Amino acid sequence: MALTTAPAMLSGMAGLVDPSLASPELVQAGASILGAAASAGEQALQDPPNDAERSEGTDPTGEVRAFKEQFATLVGNLTHVRAVVVLIDDLDWCLPASVVDTFEAVRLFLNSPKTAFVVAAHQLVVESAIDSRYPELRRADGSGIGADYLEKMLQLKVTIPALSAAEAETYMNLLLAELWLADEQFTVHEAVRQRRVQNPLGVGFNLGVAEACLGDEVLPQQLVDDRMWAGRIVPALAGGLQGNPRQL
């Protein structure tokens, strides 16, 4: 399953590249990479070879090794490409088998030059998926191997912190501003960005900031009214929802 995922992932990457913007070198390299990946996947999914076939050099393990070497060479020769970055989002929405299969596919490309993978997911959910895929692999205390598995796969982890009370209020105010302000008026986000740089712990957006940004323009009454009740419920929401922007 892991080897079928790799060509699928690369095929998806190919759809992200606009041929009119890509250089001939990049297009040609992409086609070669896709061909090599498909070949490696198909070979590895065939029935295990017998001794005679191994002696003739048809071992799928060798095909995978050859694919990795060819991929490394192709990417290394892309002189106008700084890096090939693959973004994997919402991995925690997948079934446990798909989670593990995706990581196994990624292993094909580990240690390749100028290649990186960015995985966006809820760590605990992914760890649980790995544990359920390998229920027989348990420590003496009953815990699974999910945490150890991720530690070996991921070199750098970036945890997104929960919103503070001030950030939650800013976020809700911006949602209301986006709801009631016209598109040409919704330039307040730039002012919010600057205020957060100057004071990361303060409220970045409220009615006062909106009035300062819009100058002589009158704020919609709906925004003023909604901001009043939002100000009363923000403290409870920020604490009760633990700063989760989706739930806010």
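Since we're looking at a predicted model, the values are computed, not measured. We count residues from 1, following the sequence as given. The basis for the numbers below is simple: all heavy atoms, side chains too, and nothing from hydrogens, waters or symmetry mates.
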For the student: nearest non-hydrogen atoms of [X] and [Y], plus distance:
| X | Y | result |
| --- | --- | --- |
| Leu163 | Pro245 | CD1-CB, 4.0 Å |
| Pro96 | Ala129 | CB-O, 3.5 Å |
| Gln123 | Leu150 | CG-CD1, 3.9 Å |
| Leu248 | Ala168 | CD1-CB, 3.8 Å |
| Asp89 | Ala120 | OD1-CB, 3.4 Å |
| Met172 | Leu237 | SD-CD1, 3.8 Å |

Same cluster or not: [X] versus [Y], using hydrophobic residues (I, L, V, M, F, W, Y) connected whenever any side-chain heavy atoms lie under 4.5 Å apart?
| X | Y | result |
| --- | --- | --- |
| Val106 | Ile145 | yes |
| Val75 | Leu108 | yes |
| Ile160 | Ile88 | no |
| Ile130 | Leu137 | yes |

Would you indicate whether the side-chain heavy atoms of [Y] and [X] approach each other to under 4.5 Å?
| X | Y | result |
| --- | --- | --- |
| Val99 | Arg133 | no |
| Val224 | Gln221 | yes |
| Val126 | Val119 | no |
| Trp180 | Leu219 | no |
| Tyr134 | Val100 | yes |
| Thr115 | Phe71 | yes |
| Arg227 | Glu169 | yes |

Quiz item: Can you check side chain to side chain contact (heavy atoms under 4.5 Å, CB included) on Asp131 and Tyr149, steps first, answer last?
Solution: CA-CA 9 Å; Asp131 291 341; Tyr149 188 100; over 6 Å; no
Rounded to the nearest 0.5 Å, what separation is found between the [atom1] atom of [X] and the [atom2] atom of [Y]?
| X | Y | atom1 | atom2 | result |
| --- | --- | --- | --- | --- |
| Ser132 | Leu95 | OG | CG | 9.5 Å |
| Leu207 | Asn173 | CG | CG | 7.0 Å |
| Glu63 | Lys68 | CD | NZ | 14.5 Å |
| Leu179 | Asp226 | CG | CG | 7.0 Å |
| Phe67 | Leu74 | CZ | CG | 9.5 Å |

Exercise. Mind running side chain to side chain contact (heavy atoms under 4.5 Å, CB included) on Leu176 and Gln222 for me, showing each step along the way?
Key: CA-CA 9 Å; Leu176 294 173; Gln222 298 97 324; over 6 Å; no
Quiz item: Mind checking whether Phe109 and Phe117 have parallel, tilted or perpendicular rings, split at 30° and 60°?
Solution: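 Tilted, since the angle between the ring planes falls between 30° and 60°.
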Above 12 or not: heavy atoms from other molecules or residues under 6.0 Å from [atom1] of [X]?
| X | atom1 | answer |
| --- | --- | --- |
| Lys157 | NZ | yes |
| Arg107 | CZ | no |
| Asp183 | CG | no |

Exercise. Check whether any side-chain N or O of Thr73 sits under 3.5 Å from a backbone N or O of Glu69 as a donor-acceptor pair, and report yes or no.
Key: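 Answer holds: yes.
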Quiz item: Just by distance, do the side chain of Asp90 and the backbone of Trp93 share a donor-acceptor pair under 3.5 Å?
Solution: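 Looks like no, no N/O pair under 3.5 Å.
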